[in-house]
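Accompanying notes for the structure given below.
Atom set for the values below is all heavy atoms of this structure, side chains included, hydrogens, waters and symmetry mates excluded.
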Amino acid sequence: MATPRKQQISLADTPYYHCVARCVRRAFLCGEDKLSGQSYEHRRGWVEDKLHCLTQVFAIELRRHSP
């Protein structure tokens, strides 16, 4: 039997999760790769839109963090 999500995640221990901008093999998901000079900024909107859709599926809240 599956374990309910509210029992899998402790908001007291880990209330926030960080979505990273860099993936495996130094491949950038968003922003500019300083090594190659190539910009992947166009992906930022795609990722943000997908995260907003997933909030409904996984019953999570999405907040924007200001650096």
For E41, all residues meeting side chain to side chain contact (heavy atoms under 4.5 Å, CB included), sequence neighbours excluded: S39, R44

Is the H42 ring parallel, tilted or perpendicular to the W46 ring (thresholds 30°, 60°)? perpendicular

Residues two or more places apart in sequence or in another chain: which of them pass salt bridge (Lys or Arg N to Asp or Glu O under 4.0 Å) with E48? R64

